[in-house]
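Just below is one structure, and these are the notes that go with it.
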Amino acid sequence: MTDKECELTYKGKAAGDKVLSTRPKPLVTLKSVRIDAPWRNLLISGDNLGALATLLEMKRAGTLKCADKTSGVRLVYIDPPFSTRLEFKAKKNQKAYDDKLGGAEFIESLRKRLILLRELLTEDGSIYVHLDWKKAHYIKVIMDEVFGEENFLNDIIWSYGGRGAKHISGQFSRNHDIILWYKKGASHVFNQLTIGKRVPKKGGGFKQDDEGRWFKTSPKGDYTDESMKALAKQGRVYTTRTGVMRVKYFLKDEGEYLIEDKLVGDVWDDIPDAMHLSESEKTGYPTQKPEALLERVIRASSEAGDIVLDCFSGAGTTLAVAEKLGRRWVGIDSGSLAIHTTEVRLLTIAASKSLDEPKKKYAKPCRPFDILGELEHDHAGCAGQKTAPKVKCSYDVDESSGECVVRIERFTSPGSGLKDMEALSSVAVDLNFDGEAMKIDLFATKEELEKNGFEFRFPVKAVKGEVLLAFADIFGNEKWFVGELA
Ligand SMILES: C[S@@+](CC[C@H](N)C(=O)[O-])C[C@H]1O[C@@H](n2cnc3c(N)ncnc32)[C@H](O)[C@@H]1O
């Protein structure tokens, strides 16, 4: 027993300082988006324990900084496996990841990551840990140990809706997840959020002022006399017939309804589960979380330019939302399907929904990011993968347009049982390969390739040396071709 008042004891619990001396994992750059920028977002392929130790080295060396120069990560969100003992597969039956750890092994595995994550946070940073009924209560005790009970901010209930709830005989349906939110130090970044709720005008006790504006009132609460004077100047104080001063809140007028801004509480029941995502948001990766959920977390606990870290990043939901909200981001996942799904998602982000104006598309292509990993390329099957797809392609130069036209003639993934072209996912092109990391100059998804008869083009003039073509299958395996244009 340590000197702590209470703690969770189990077999194999390592000393905290031993965890902090976890050996950093040497990482090489496997791929990059070819745009120069002082800060590059990072997608790390591999087990997160060693990768977190590497990030900690970067923090100590001053190379992991938010845009305002604060060292470290302002916000961590993690959605680790929930100890379901299941194997997760993606939409086309591709293996995504195993969730086989249970008991003390699960708790200790997560605790080690939490100890490193705490170190990575800025002093005013915070962490959200997304779990469910199976292990959240054990991890709450571990979080109290690692972060301190006094730093526990909220036990958020994500009630994802009755539609997703399965009937379980003899007990209530389970239809919520638990998100534990902790801060690191004395103060933390927090932006209070509100949700606009539509309420009928009639019967809600709403009033109208002389200018026809609708309002509701609430007691003065902890407003000081000074603040009440300031509110009075803005026309926001209402005096009742008995002389009691109340604060006015104006409401948006929508015909028979009013839009009432309600503070977001700790029960989030307005975000449906991932089964109800729009087609454009679905990636096919299992256990993908809704962007709306991550939008709430990121808006509440970070500012533009802050680093957001997710070390169980899966389909890259946290990273995509961080990108759309102008945050810096770092993602880690040990699965090649997760890394590939995230790569495609970020490279095609310009075609996705804008979070600020939902009816519009996101305005920008993504900012530069690097994909880091442990393995050296063998330039035949990327990153030493044993099951690289088999690709037959040919190319011609179209003299009239000055373009090189590459045609994919056959594409199969050995052992998948899928027919020609069925396993194709995307093509990335580096027009000036330096023999080291791939720099992505062009990228096309299968849908785009299919529209063009499985052809893609690039200007011959843009080719400076060797061209690298990387063909990816739906399992996240790649085949690389390197050569000069004849
Ligand atoms: C529940 S999923 C995350 C889903 C994600 N939030 C999303 O919206 O797509 C958990 C992820 O953790 C990854 N993972 C599990 N153990 C890991 C480890 N030790 N290191 C890195 N990633 C790991 C799995 O590959 C899986 O993609």
Side-chain angles (χ1 to χ4, degrees), residues 19 22 24-25 27 42-55 75-91 94-102 105-117 127-132 134-136 139 158 160 177-179 271-277 281-298 308-324 329-346 352 371-374 475-476:
V19 177
T22 300
K25 186 189 290 182
L27 298 170
L42 298 176
L43 177 60
I44 302 175
S45 166
D47 186 273
N48 49 23
L49 192 66
L52 289 174
T54 307
L55 292 174
L75 166 67
V76 173
Y77 165 88
I78 55 169
D79 168 30
F82 289 178
S83 194
T84 56
R85 313 289 181 125
L86 299 172
E87 279 175 21
F88 284 95
K89 298 210 165 171
K91 197 174 157 198
Q94 311 99 299
K95 182 179 162 74
Y97 66 96
D98 284 343
D99 179 8
K100 293 288 164 99
L101 288 187
E105 234 187 326
F106 175 87
I107 298 169
E108 180 62 358
S109 161
L110 195 49
R111 175 177 162 267
K112 285 183 177 161
R113 274 98 187 150
L114 291 169
I115 290 174
L116 292 168
L117 287 167
I127 176 168
Y128 291 72
V129 180
H130 188 144
L131 291 159
D132 73 0
K134 286 181 224 71
K135 286 288 176 275
I139 299 303
W158 177 36
Y160 40 71
D177 283 354
I178 297 164
I179 305 176
I271 302 174
D273 66 8
M275 275 166 43
H276 303 94
L277 295 181
E281 194 179 325
K282 278 184 193 159
T283 63
Y285 195 81
T287 64
Q288 177 187 347
K289 299 298 176 293
E291 290 198 1
L293 184 75
L294 270 301
E295 185 182 346
R296 181 159 301 164
V297 168
I298 292 175
V308 177
L309 167 67
D310 183 346
C311 64
F312 293 91
S313 56
T317 310
T318 309
L319 318 180
V321 176
E323 175 71 32
K324 291 182 187 182
W329 54 263
V330 178
I332 311 174
D333 203 286
S334 51
S336 50
L337 180 65
I339 298 294
H340 176 64
T341 306
T342 304
E343 182 190 344
V344 175
R345 188 169 185 179
L346 269 299
S352 66
I371 304 183
L372 310 183
E374 276 179 284
F475 305 96

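Both counts, for ligands and for their atoms, begin at 1 and track the order of listing. Because only heavy atoms are used, hydrogens play no part in the values below, and waters and symmetry mates are left out as well, while side chains stay in.
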**Request:** Measure the acute angle between the ring planes of His130 and Trp158, then classify it against the limits of 30° and 60° as parallel, tilted or perpendicular.
**Result:** perpendicular
**Prompt:** For Leu372, does its backbone N or O pair with a side-chain atom of Ser45 as donor and acceptor, under 3.5 Å?
**Reply:** no
**Asked** Given that the side chain starts at C-beta and the backbone is N, CA, C, O, which of these parts of Phe88 lies under 4.0 Å from ligand 1, counting heavy atoms, or is it both or neither?
**Response** neither
**Request:** Return the option from Pro81, Ser336, Pro80 holding the heavy atom at the smallest distance from atom 15 (C) of ligand 1.
**Result:** Pro81
**Prompt:** Under a heavy-atom criterion of less than 4.0 Å, does Arg113 contact ligand 1?
**Reply:** yes
**Asked** Nearest to atom 11 (C) of ligand 1, what protein heavy atom do you find, and at what distance?
**Response** Asp333 OD2, 3.5 Å
**Prompt:** Any idea which protein heavy atom is nearest atom 22 (N) of ligand 1, and the distance to it?
**Reply:** Ser334 N, 3.1 Å
**Asked** Any sub-3.5 Å donor-acceptor pair from Ser83's side-chain atoms to Leu101's backbone N or O?
**Response** yes
**Message:** Are more than 12 heavy atoms, taken from residues, nucleotides or ligands other than Lys95, located less than 6.0 Å from that residue's NZ atom?
**Reply:** yes
**Request:** Work out whether the distance between some heavy atom of Ala274 and some atom of ligand 1 is less than 4.0 Å.
**Result:** no
**Request:** Considering the heavy atoms of Tyr285, write down every atom of ligand 1 situated less than 4.0 Å from one of them.
**Result:** 25 (O), 26 (C), 27 (O)
**Request:** Would you tell me which option among Ile44, Leu49, Asp79, Ile78 has the nearest heavy-atom contact to atom 10 (C) of ligand 1?
**Result:** Asp79
**Request:** Find all atoms of ligand 1 within a distance of less than 4.0 Å from any non-hydrogen atom belonging to Ala315, and give their numbers and elements.
**Result:** 7 (C), 9 (O)
**Message:** Any nitrogen or oxygen of Tyr97, side chain or backbone, less than 3.5 Å from one on ligand 1?
**Reply:** no
**Asked** For ligand 1, is Gly46 a contact, meaning one of its heavy atoms is under 4.0 Å away?
**Response** yes
**Prompt:** Nearest protein heavy atom to atom 2 (S) of ligand 1, by residue and atom, and its distance?
**Reply:** Thr287 OG1, 3.4 Å
**Prompt:** Is it the side chain (CB and beyond), the backbone, both or neither of Glu291 that lies under 4.0 Å from ligand 1, heavy atoms counted?
**Reply:** neither
**Asked** ligand 1 versus Ser313, non-hydrogen atoms closer than 4.0 Å: side chain, backbone, both, neither?
**Response** backbone
**Request:** Could you tell me whether Asp310 and Lys289 have a side-chain N and a carboxylate O separated by less than 4.0 Å?
**Result:** no
**Message:** Check this for me, if you would: do Glu291 and Arg345 make a salt bridge, where the nitrogen-to-carboxylate-oxygen distance has to be below 4.0 angstrom?
**Reply:** yes
**Request:** May I ask you to say whether Lys324 pairs ionically with Glu295, meaning some side-chain N is under 4.0 Å from a carboxylate O?
**Result:** no
**Asked** Is a side-chain donor or acceptor of Asp98 paired with a backbone partner of Lys100 at a separation under 3.5 angstrom?
**Response** no
**Item:** Contact atoms of ligand 1, heavy-atom distance to Gln288 under 4.0 Å
**Value:** 7 (C), 8 (O), 9 (O)
**Request:** Would you mind checking which non-hydrogen protein atom is closest to atom 7 (C) of ligand 1, with the distance to 0.1 Å?
**Result:** Thr317 OG1, 3.4 Å
